[in-house]
Q: 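Structure below; questions to follow.
Note on naming: letters A, B, ... go to the chains in the order of the sequence lines (proteins, then strands), and numbering restarts at 1 for each one.
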Amino acid sequence: MKYPKLPSRSENFAEWYNQLVLRAELADYAPVRGCMVVRPYGWALWENIQQALDQRFKATGHQNAAFPLLIPLSFFEKEKEHVEGFAPELAIVTHGGGKKLEEPLAVRPTSETIIGYMWSKWIRSYRDLPQLLNQWANVVRWELRTKLFLRTLEFYWQEGHTAHATREEAEEETMRMLGIYEEFARTEAAIPVVSGQKSESEKFAGAVATYTIEAMMGDRRALQAGTSHFLGQNFAKAFNIQYLDRNNQLQYVWTTSWGLSTRFIGAIIMVHGDDQGLRLPPRLAPIQAVIVPIWKTDEEEARVMEVARNLKERLSQEVLYRGKPLRVHLDDRDHVTPGFKFNDWELRGVPVRIEIGPKDLEARAVTLARRDRPGREGKESVPLDRLAEHLPRLLDDIHESLYAQAKAFLESHLHDVETYEDLKAVVREGWARAWWCGRAECEAQIKADTTATNRCIPLEQPGGEGRCVVCGEKATVKAIFARAY
RNA sequence: CGGGGCGUAGCUCAGCCCGGAGAGAGCGCACGGUUCGGGUCCGUGAGGUCGGCGGUUCAAAUCCGCCCGCCCCGACCA
């Protein structure tokens, strides 16, 4: 076999993932340890994620801004938990312009501190609130163990930062943004998630409460796919962000922050991908439909290519999918065979392939192949003049089918457990949902015994009470335990 | 930071144990032809400080020492 197949997902998931990222040209290793280059195809995917989220942020009143990459090191020392959490993974600039700096500068690992500093200058009155900001940025965290998209020294994300007059408003904001992440994952990426709250030991350094969306990867490990933090007045006090309320009383603001990173691309790969390669969710796919022309003779080539070119023009100009022009690519490479192209575009995860050959021309039709169904089963012939109306429906159908598959997978590997023995067995192959007393010792015990961590306390709770799966004490909530990335 | 693996052509690797003739294979790439409805076939060609530095030797990709880098598995994290 000239073109080796990917390692199969079931045999070696980690190797399958690595090779797929490289071969689909989403990213490549940079010459610096732990850093990656996001290649055009991967970045196009990220741009579509950005668009989908940005639109939602703006619709809920947020504005984009840009804060500096470099942050005075002393800023991190102002909030005790924050510095403890981030100090070990800071990259620090000590020299500039050939001279040693008076004060070292940290390359931002997140921007609460510098935004807090600016707010302390900008906020004077309750009339200045709320502050609803977001920035699209790169950040650096000196991770020891890296993996493309999932954990790299430098990564790209959006970080939302808001300041509010009241606790209630800030808490509402925290939950609103968590809801947006959940809805985005479901309706754009076809990824079902569990929304919940992080335990004390898993929460963000400096937060009062951290909320998360957790997604189940194809190897049944959990991935934190987005987070939303209620920061209380921790940063307000650390950076002295105060305002005068209606009664002329000086008050501290209440802040939130929330983020989703290029890690989400890893989730898309690991949730939907199969042994053939990527299966990109149609609404985020850089290419939604690829046209593969097929011919034998020069005369056929001329006829087929003419129709193919016209089709590409017509589809990208006339067909709107969810309000945006259909993203169509014509694969006019003449030095590779159709069979090669089929495999190539399947590896790259394009949702729909449009085959046009002499037989199709004769029937005034094209052959459509959908990526979510393998082989012949996913193929159908569609008349040329019905394609424009057919494609959006097909893309929706693929989206629904990907979501349904992922949802079924999640549900079939998420089990309620009653005993500790059950929990230990379940987390080897999936997620365990169990009564938990809320104590860190019990979480730690589970982690020590199984390497599974407390992923979250789901917002959806059964109610009532039970006995902690570890210690047997009274428990009022159930938590999800799983091995995670 | 602990454990493991690897560094020879763009990629995957052979050669190294046992030093010696011209530094190799497959893929990819370029050109020509052939093919094209599920990873075509043939030919020609370009392409290499054998990770770096030092040592041993008449002679080092090969033996020895030091260094550097990367990947994988664990603890930490989005």
Q: For A/S199, what residues pass the side chain to side chain contact (heavy atoms under 4.5 Å, CB included) criterion, not counting sequence neighbours?
A: A/S201, A/E202, A/W436, A/E443, A/N454
Q: Do any pairs count as a side chain to side chain donor-acceptor pair (under 3.5 Å) and have a residue in residues 73-95 of chain A, sequence neighbours left out, and if so which ones?
A: A/S74-A/E103
Q: Heavy atoms under 4.0 Å, any strand shown: does A/F204 hit a base, just sugar-phosphate, or nothing?
A: nothing
Q: Scan the side chains in residues 301-311 of chain A for donor-acceptor partners under 3.5 Å anywhere in the protein, sequence neighbours excluded, and list what turns up.
A:
from	atom 1	to	atom 2	distance (Å)
A/R303	NH1	A/E299	OE1	3.4
A/R303	NH1	A/E299	OE2	3.0
A/N310	ND2	A/E306	O	3.4

Q: A/K198 near the nucleic acid: base, sugar-phosphate alone, or nothing, with a heavy-atom cut-off under 4.0 Å?
A: nothing
Q: Return the nearest nucleotide to the side chain of A/E355; candidates are B/G38, B/A75, B/G37.
A: B/G37
Q: Over how many whole Å does the gap from A/K379 atom NZ to B/G38 atom C1' extend?
A: 7 Å
Q: So A/Q224, base contact, sugar-phosphate only, or nothing? Heavy-atom distance under 4.0 Å.
A: sugar-phosphate
Q: With sequence neighbours excluded, what pairs up with A/Y156 under the ring pair (Phe, Tyr, Trp, His ring centres under 6.0 Å) test?
A: A/W43
Q: Could you tell me the separation between the CG atom of A/L90 and the P atom of B/C77, rounded to a whole number of Å?
A: 14 Å
Q: With sequence neighbours left out, what residues match A/H329 under ring pair (Phe, Tyr, Trp, His ring centres under 6.0 Å)?
A: A/W345
Q: Separation of A/I354 atom CD1 from B/G38 atom C1', in whole Å?
A: 18 Å
Q: A/R353 side chain: which of B/G37, B/C77, B/G38 is closest?
A: B/G38
Q: Give a yes or no on whether a donor-acceptor pair under 3.5 Å exists between the nucleobase atoms of B/G38, that is its base, and the side chain of A/T337.
A: no
Q: Who are the ring pair (Phe, Tyr, Trp, His ring centres under 6.0 Å) partners of A/Y485, not counting sequence neighbours?
A: none
Q: Nucleotide by nucleotide, 5' to 3', does protein get under 4.0 Å of the base (B), only the sugar-phosphate (S), or neither (-) in nucleotides 68-73 of chain B, counting heavy atoms?
A: --SSSB
Q: Measure up the A/F239 and A/F235 rings against each other and bin them: parallel (under 30°), tilted (30 to 60°), perpendicular (over 60°).
A: parallel
Q: Reading RNA chain B from 5' onward, which residue's closest nucleotide shows up sooner: A/F86 or A/L361?
A: A/L361
Q: Separation of A/R348 atom CZ from B/G39 atom P, in whole Å?
A: 18 Å
Q: Could you check how far OH of A/Y485 sits from P of B/A75, rounded to whole Å?
A: 13 Å
Q: Can you check the A/F149 CZ to B/C77 C1' distance for me, whole Å?
A: 18 Å
Q: Is a donor-acceptor contact shorter than 3.5 angstrom present between the side chain of A/R141 and the base of B/C77?
A: no
Q: Quick check for you: among B/C36, B/G39, B/C76, whose closest atom lies nearest to any side-chain atom of A/E143?
A: B/C76
Q: If you check the A/F340 side chain, which of B/U40, B/G37, B/G38 turns out closest?
A: B/U40
Q: How far, in whole Å, is B/G2 from B/C67 if one measures between their P atoms?
A: 14 Å
Q: For B/G69, which nucleotide in any strand shown is its Watson-Crick or wobble partner with both distances under 3.5 Å?
A: B/C6
Q: B/U34 P sits how many Å from A/H335 NE2, rounded?
A: 17 Å
Q: Using a 4.0 Å heavy-atom cut-off across all strands, classify A/G357 as base, sugar-phosphate, or nothing.
A: base
Q: Hey, can you pull the residues of residues 277-295 of chain A with a non-hydrogen atom under 4.0 angstrom from RNA chain B?
A: A/I294, A/W295
Q: Give A/P88 one of three labels, base, sugar-phosphate or nothing, depending on what nucleic acid heavy atoms sit under 4.0 Å from its own.
A: nothing
Q: Check whether NZ of the Lys or CZ of the Arg A/R353 lies under 6.0 Å from the centre of the six-membered ring of A/F342 and within 45 degrees of that ring's axis.
A: yes
Q: Any donor-acceptor pair under 3.5 Å between the side chain of A/R376 and the base of B/G38?
A: no
Q: Mind checking if A/T367 touches a base, just sugar-phosphate, or nothing, with heavy atoms under 4.0 Å?
A: base
Q: Quick check: on RNA chain B, is the nucleotide nearest A/E301 upstream (toward 5') of the one nearest A/R483, or the reverse? Name the residue that is more 5'.
A: A/E301
Q: Quote, to the nearest angstrom, the P distance that separates B/C17 from B/C36.
A: 50 Å
Q: Rounding to the closest angstrom, what is the interatomic distance between B/C16 and B/C50 at atom C1'?
A: 11 Å
Q: Take atom P in B/U62 and the same atom in B/G19, then report the distance between them in whole Å.
A: 12 Å
Q: Determine the Euclidean distance between corresponding C1' atoms of B/U34 and B/A21; express it in Å to zero decimal places.
A: 39 Å
Q: Just checking A/L150: base, sugar-phosphate only, or nothing, at a heavy-atom cut-off of under 4.0 Å?
A: base
Q: Taking the six-membered ring where the residue is Trp, are the ring centres of A/F76 and A/F86 under 6.0 Å apart?
A: no
Q: With both distances under 3.5 Å as the test, what is the Watson-Crick or G-U wobble partner of B/U56?
A: none
Q: Output yes when a side-chain donor or acceptor of A/R371 lies under 3.5 Å from a complementary backbone atom of A/L278, and no otherwise.
A: yes
Q: Run the numbers on A/F184 and A/F264 for ring pair (Phe, Tyr, Trp, His ring centres under 6.0 Å), then give the verdict.
A: CA-CA 11 Å; A/F184 159 80; A/F264 198 88; 5.1 Å; yes
Q: My understanding is that only residues two or more places apart in sequence, or in another chain, count here; which of them pass side chain to side chain contact (heavy atoms under 4.5 Å, CB included) with A/A432?
A: A/V417, A/L423, A/V426, A/V427
Q: With a 4.0 Å cut-off on heavy atoms, is A/E346 in touch with a base, just the backbone sugar-phosphate, or nothing at all?
A: base
Q: Using whole Å, what does the distance between atom P of nucleotide B/C77 and atom CD of A/E89 come to?
A: 8 Å
